[in-house]
Amino acid sequence: MPIKGVLFGFSGTLFRIESVRSWLAAALAERGVSVDEADFDRYARELEAARALPGGPAPQRVPEALAQDWASRDESPQRHRAAYTGLARQVALPDPGLYDTLYERHRTPEAWCPYPDAAEVLAALAGRGVRIGVVSNIGWDLRPVFRAHGLDAFVDAYVLSFEHGTQKPDAQLFHTACTLLGQHPTDVVMVGDDRHADAGAAALGCEVRFVDHAPLAERPYGLRELGLVPEVA
């Protein structure tokens, strides 16, 4: 059966967040804080160990005080901010304003880069009349990121967890996305990088295909290789 719709995740699927070092450097520059190289290296290592960068790897252990916010972080902007700034506050940074600056930085288009084959695959799908949706567990509006990188024109619908008060793998998010695309779930493929959250689409009858949440240079053709569009498979 031909594919009539494709749903994509955001972080780790279509886009990759910047490195911890780039994230920290941007926040320090915005706050006008100078640190020496040794301190910068230490702050970056500690932030990475805390898994404080949104869009990066999830922490292996969440501090008890953050557990409730972490578990439902993508259901509201407030909990998302509290969870991630809380992780960052495990690191003693030189300026207390940096925690909020770091959080705001990750919401900017400059903090994100599309995977090398993202535009090509989206354009090929749209050119064949395939409807495209984005289904993301997230606590803020990612539409400006798509617009800034020229990918918004290919997206027919966005279903963002914080706007619906629930998170993937809740099948309701995928059902909403299929409805917005005007397609039956059995005609829709879900593409994601999270084998737990994104697998929720299978409950509706969607086929689910996975890519690796890898650095840009390590996954130049991950979307192409899924075979969504023969010409770019």
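All values below were derived from every heavy atom in this structure, side-chain atoms included, with hydrogens, water molecules and symmetry-related copies excluded. Position 1 is the first residue of the sequence, and the numbers go up from there.
Linking Ile, Leu, Val, Met, Phe, Trp and Tyr residues whenever their side-chain heavy atoms come within less than 4.5 Å places Val191 and Val145 in a single cluster. Both Val211 and Ile138 are part of a single hydrophobic cluster, where members link through side-chain heavy atoms under 4.5 Å apart. Residues Val229 and Tyr221 are members of separate hydrophobic clusters, defined by side-chain heavy-atom contacts under 4.5 angstrom among Ile, Leu, Val, Met, Phe, Trp and Tyr. Residues Leu47 and Val62 share a hydrophobic cluster, clusters being chains of Ile/Leu/Val/Met/Phe/Trp/Tyr side chains in contact below 4.5 Å. Taken together through direct or relayed side-chain contacts under 4.5 Å among Ile, Leu, Val, Met, Phe, Trp and Tyr, Val155 and Ile3 form part of one hydrophobic cluster.
Residues Tyr158 and Leu142 meet the side-chain proximity criterion, which asks for heavy atoms closer than 4.5 Å. Between Tyr43 and Leu93 the shortest side-chain heavy-atom distance falls below 4.5 Å. You'll find the side chain of Val159 stays beyond 4.5 Å of the side chain of Val134, heavy atoms only. The shortest distance between side-chain heavy atoms of Leu66 and Leu87 falls below 4.5 Å. Two residues are said to be in side-chain contact when any heavy atoms from C-beta on lie closer than 4.5 Å; Leu7 and Leu181 meet this criterion. By the 4.5 Å heavy-atom criterion applied to side chains, Pro230 and Arg128 are counted as neighbours. The closest side-chain heavy-atom distance from Pro54 to Trp23 is below 4.5 Å. Side-chain contact between Phe8 and Val6: present, with at least one pair of heavy atoms (C-beta onward) separated by less than 4.5 Å.
Within the model, atoms CG of Leu204 and SG of Cys178 stand 6.0 Å from one another, a figure rounded to the nearest 0.5 Å. To the nearest 0.5 Å, atom CD of residue Glu48 and atom CG of residue Leu53 are 8.5 Å apart. One finds the CG atom of Leu14 at 7.0 Å from the CG atom of Leu151 (value rounded to the nearest 0.5 Å). For the atom pair OG1 of Thr101 and CG of Leu28, the computed distance is 9.5 Å after rounding to the nearest 0.5 Å. In this structure, CZ on Arg45 lies 12.0 Å from CG on Leu24, to the nearest 0.5 angstrom. Here the CH2 atom belonging to Trp140 is positioned 12.0 Å from the CD atom belonging to Glu163, to the nearest 0.5 angstrom.
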Q. Where do Asp198 and Phe210 land on the side chain to side chain contact (heavy atoms under 4.5 Å, CB included) test, with the steps shown first?
A. CA-CA 8 Å; Asp198 296 316; Phe210 293 105; 4.0 Å; yes

**Q.** Stepwise side chain to side chain contact (heavy atoms under 4.5 Å, CB included) test for Leu160 and His164
**A.** CA-CA 7 Å; Leu160 310 182; His164 297 269; 5.6 Å; no

(Q) Let's go through Lys168 and Asp194 carefully: what are the C-alpha distance in whole Å and the side-chain angles of both, what is the deciding distance for salt bridge (Lys or Arg N to Asp or Glu O under 4.0 Å) to 0.1 Å, and is it a yes or a no? (A) CA-CA 10 Å; Lys168 297 183 292 185; Asp194 188 320; over 6 Å; no

Q | Verdict with reasoning, Asp141 to Arg107, per salt bridge (Lys or Arg N to Asp or Glu O under 4.0 Å) | A | CA-CA 8 Å; Asp141 187 2; Arg107 302 200 308 169; over 6 Å; no

**Q.** Verdict with supporting geometry, Leu228 and Val189, side chain to side chain contact (heavy atoms under 4.5 Å, CB included)
**A.** CA-CA 9 Å; Leu228 297 168; Val189 175; 4.1 Å; yes

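Remark: Arg16 fails to qualify as a cation-pi partner of Tyr115 under the 6.0 Å distance and 45° angle criteria applied to the six-membered ring.
The backbone N or O of Gly55 sits less than 3.5 Å from a side-chain atom of Ser11, completing a donor-acceptor pair. A distance-only check finds a donor-acceptor pair linking the side chain of Arg219 to the backbone of Gly12 [under 3.5 Å]. The backbone N or O of Asp39 sits nowhere less than 3.5 Å from a side-chain atom of Arg42 that would complete a donor-acceptor pair. Not a single donor-acceptor pair under 3.5 Å links the side chain of Asp212 to the backbone N or O of Ala214. For the pair Glu120 (side chain) and Asp117 (backbone), a donor-acceptor distance under 3.5 Å is absent. Judged purely by atom type and a 3.5 angstrom limit, Asp170 has no side-chain atom pairing as donor or acceptor with the backbone of Thr166. Under the 3.5 Å distance criterion, the side-chain polar atoms of Ser72 are left unmatched by any main-chain donor or acceptor of Glu75. Judged purely by atom type and a 3.5 angstrom limit, Ser136 has no side-chain atom pairing as donor or acceptor with the backbone of Gly9. Using a distance-only test at 3.5 Å, with no hydrogens or angles considered, a donor-acceptor pair links the side chain of His149 to the main chain of Pro109.
Residues passing the salt bridge (charged side-chain N to carboxylate O under 4.0 Å, His left out) test with Glu18 are Arg105, sequence neighbours excluded. Taking Gln68 as the reference, nothing meets the side-chain hydrogen bond (donor to acceptor under 3.5 Å, both in side chains) condition, with sequence neighbours excluded. Under the side-chain hydrogen bond (donor to acceptor under 3.5 Å, both in side chains) criterion, Tyr99 pairs with no residue, sequence neighbours left out. Among residues two or more places apart in sequence or in another chain, the side-chain hydrogen bond (donor to acceptor under 3.5 Å, both in side chains) test is passed with His184 by Thr186. Residues satisfying the side-chain hydrogen bond (donor to acceptor under 3.5 Å, both in side chains) criterion with Arg31, sequence neighbours excluded, are Asp95.
Within the 6.0 Å centre-distance limit, the rings of Phe10 and Phe15 are counted as a close aromatic pair. Taking the six-membered ring for Trp and the full ring otherwise, the centers of Phe154 and Phe146 sit at least 6.0 Å from each other.
Pairs of residues two or more places apart, or lying in two chains, that qualify as salt bridge (Lys or Arg N to Asp or Glu O under 4.0 Å) and include a residue from residues 149-159 are Arg131-Asp156.
Classification of Arg81 and Asp100 as a salt-bridged pair holds, one side-chain N sitting under 4.0 Å from a carboxylate O.
Shortest non-hydrogen contact noted between Trp70 and Ala83 is CE3-CB, 3.9 Å. Annotation for Gly56 and Ile17: closest pair N-CG2, 4.0 Å, computed over non-hydrogen atoms. In terms of heavy-atom proximity, Ala197 sits nearest to Asn137 at CB-ND2, 4.2 Å. In this structure, Ile132 and Leu122 approach most closely via the heavy-atom pair CD1-O, 3.6 Å. The heavy-atom pair separating Val35 from Pro94 by the smallest distance is CG1-CG, 3.9 Å. What you find for Val91 and Ala50 is that their closest heavy atoms are CG2-CB, 4.5 Å.
Applying side-chain hydrogen bond (donor to acceptor under 3.5 Å, both in side chains) to Ser76 and the options Arg79, Arg73, His80 leaves one that passes, Arg79.
No donor-acceptor contact under 3.5 angstrom links the side chains of Trp112 and His106, judged on distance only.
Annotation: Gln90, atom CD; neighbour count of heavy atoms from other residues, nucleotides and ligands within 6.0 Å is above 12.
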